[in-house]
Amino acid sequence: MELTTKEFRNYFRLGELGTVRISDDSDYLHEFPAIIVQLFDSSLEVVLVSDELPGEMLGREVVAQLSVITGHLVCDVPVIIGKNSFEQTLFLRFNGEAVVRIKRNFIRTDVLIPFCYDEHGRNSVKAVREVQELRAIPSRTVFAPVPYSESYKIADWPGKGELLPVRVNLGGGGIRFASVEPFQRGTMLGLQMFLDWPEPRVIHAALQVTRSKPFEQTPEDRAFYTWSKIRLKSQTISITAGQYDYIDDGDRQFVIDYIKEIQKRQHNPAETEGAEPT
């Protein structure tokens, strides 16, 4: 998910740390950490954190790129370094549209998918090893989805039996889900998540629990409550969230692509009427 914009003041802010990148005549890439100290509608001033602008770049205009991370956003924009720049002070003129994108780890959405986990205490090494061993078994990386209500289920998964869809807040950096009892912070879980688009694939990941406590009426957790009371058949509902301690890069990209597809269907249902339900 990304956008292009010339509303630079919305994304480039005073005091933000960024990186100025310059390719020289020999295609060598120079990277300079810099802090934004002045900001105007079409230009800005930055101060390099440690290095100085190379002498051969002084007194002339230089094509460069400025990258800034603002919260969960990554902002890239082409710039021209003014010839009045000197030593650690650079005067930059915006030279096109900024590309703004969400950091991969922050991309997330609620989904209904079959999902299961194994608990490994606080043993990160064991959790990662067992996740990798399961992922190495070809039959544990694919599945046959069976239509179930508005989603799909797994008829019989080794060691787990029938897996019905559960409500999960799925993200590129971790997940949030409902459980009966809370987990201790730092508990390691070996996850198996079953995604059906663009083809059925089992995502294996080791998750470190960062938050787990009895349900409270917070806006982000309220959507889990009614569904969880019915599916978990328990008066006690806990909300557990965590971040991936291990996930294969290819699996992470698959998760991100899946999330983008689900968000596209949610925002443009008329364009995806023929798509498989999730």
Side-chain angles (χ1 to χ4, degrees), residues 1-109 170-174 208 210 220 243-261 263-264 267-268:
M1 181 185 299
E2 64 179 38
L3 61 88
T4 58
T5 180
K6 288 190 175 182
E7 299 296 325
F8 305 112
R9 286 180 177 271
N10 292 336
Y11 302 99
F12 296 88
R13 299 170 185 168
L14 294 180
E16 294 284 3
L17 178 66
T19 302
V20 179
R21 296 184 173 88
I22 309 168
S23 293
D24 62 20
D25 295 336
S26 61
D27 289 331
Y28 179 79
L29 180 64
H30 300 266
E31 293 190 324
F32 303 100
I35 297 173
I36 299 174
V37 295
Q38 285 201 83
L39 179 62
F40 308 98
D41 289 337
S42 59
S43 63
L44 72 167
E45 177 186 344
V46 303
V47 172
L48 302 186
V49 173
S50 55
D51 298 315
E52 295 183 358
L53 194 66
E56 64 271 17
M57 297 182 184
L58 295 174
R60 64 186 181 92
E61 293 191 338
V62 178
V63 176
Q65 177 171 291
L66 175 66
S67 297
V68 174
I69 296 177
T70 303
H72 62 282
L73 300 177
V74 180
C75 311
D76 298 311
V77 64
V79 294
I80 300 293
I81 301 176
K83 57 185 178 182
N84 56 336
S85 300
F86 63 95
E87 296 178 345
Q88 291 180 285
T89 300
L90 306 186
F91 299 99
L92 309 180
R93 184 173 73 253
F94 294 120
N95 190 36
E97 292 184 318
V99 175
V100 181
R101 64 186 186 278
I102 299 176
K103 290 172 63 177
R104 295 201 314 163
N105 286 0
F106 283 84
I107 296 175
R108 58 176 55 247
T109 195
L170 179 65
Q208 182 181 66
T210 56
E220 66 270 20
Q243 60 187 19
Y244 301 132
D245 190 66
Y246 163 82
I247 185 171
D248 176 79
D249 284 342
D251 282 352
R252 189 195 300 273
Q253 189 59 52
F254 195 96
V255 168
I256 291 169
D257 291 343
Y258 178 83
I259 293 171
K260 290 179 178 178
E261 172 64 16
Q263 292 175 333
K264 178 182 176 182
H267 294 142
N268 301 291

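Throughout, numbering of the chain's residues begins at 1 and tracks the sequence. Being a predicted model, the structure only gives us computed values, none of them experimental. The figures that follow rest on heavy atoms only: side chains count, while hydrogens, waters and symmetry mates do not.
- Under the 4.5 Å side-chain criterion, counting only non-hydrogen atoms from C-beta, Asp41 is not in contact with Phe94.
- Remark: Glu31 engages Arg21 in a salt bridge (charged side-chain N to carboxylate O under 4.0 Å, His left out) (not counting sequence neighbours).
- Taking 4.5 Å as the limit, some side-chain heavy atom of Arg252 sits within range of a side-chain heavy atom of Asn105.
- Once rounded to the nearest 0.5 Å, the distance linking CD of Gln65 with CG of Asn95 reads 11.0 Å.
- Residues that satisfy the salt bridge (charged side-chain N to carboxylate O under 4.0 Å, His left out) test with Asp51, not counting sequence neighbours, are absent from this structure.
- By the ring-ring contact (aromatic ring centres under 6.0 Å, His included) test, Phe106 is found to be paired with His72, residues two or more places apart in sequence or in another chain being considered.
- Looking at heavy atoms from C-beta onward, Leu3 lies in side-chain contact with Tyr11 at the 4.5 angstrom threshold.
- Using a distance-only test at 3.5 Å, with no hydrogens or angles considered, a donor-acceptor pair links the side chain of Gln263 to the main chain of Arg108.
- The main-chain N or O of Gly173 is never found under 3.5 Å from a side-chain atom of Arg104 such that the two would form a donor-acceptor pair.
- Within the 4.5 Å cutoff, the side chain of Leu66 has heavy atoms near those of the Phe12 side chain.
- Within the 4.5 Å cutoff, no side-chain heavy atoms of Leu53 are placed close to those of Val20.
- The shortest distance between side-chain heavy atoms of Val99 and Val77 does not fall below 4.5 Å.
- In this structure, the separation between CD1 on Ile36 and OG1 on Thr70 is 7.0 Å, given to the nearest 0.5 Å.
- Applying the salt bridge (charged side-chain N to carboxylate O under 4.0 Å, His left out) test to Asp249 and every residue at least two apart in sequence or in another chain returns nothing.
- Between the Tyr244 side chain and the Gly171 main chain, a donor and an acceptor come within less than 3.5 Å of each other.
- Ile102 is listed as a side-chain neighbour of Leu73, based on a closest heavy-atom distance under 4.5 Å.
- Two residues are said to be in side-chain contact when any heavy atoms from C-beta on lie closer than 4.5 Å; Ile81 and Leu92 meet this criterion.
- Atoms CD1 and CD, from Ile35 and Gln88 in turn, are 10.5 Å apart once rounded to the nearest 0.5 Å.
- For residues 56-77, the pairs satisfying salt bridge (Lys or Arg N to Asp or Glu O under 4.0 Å) are Glu61-Arg93, Asp76-Arg101, with sequence neighbours left out.
- In terms of the ring-ring contact (aromatic ring centres under 6.0 Å, His included) criterion, Phe91 has no residue partners (sequence neighbours excluded).
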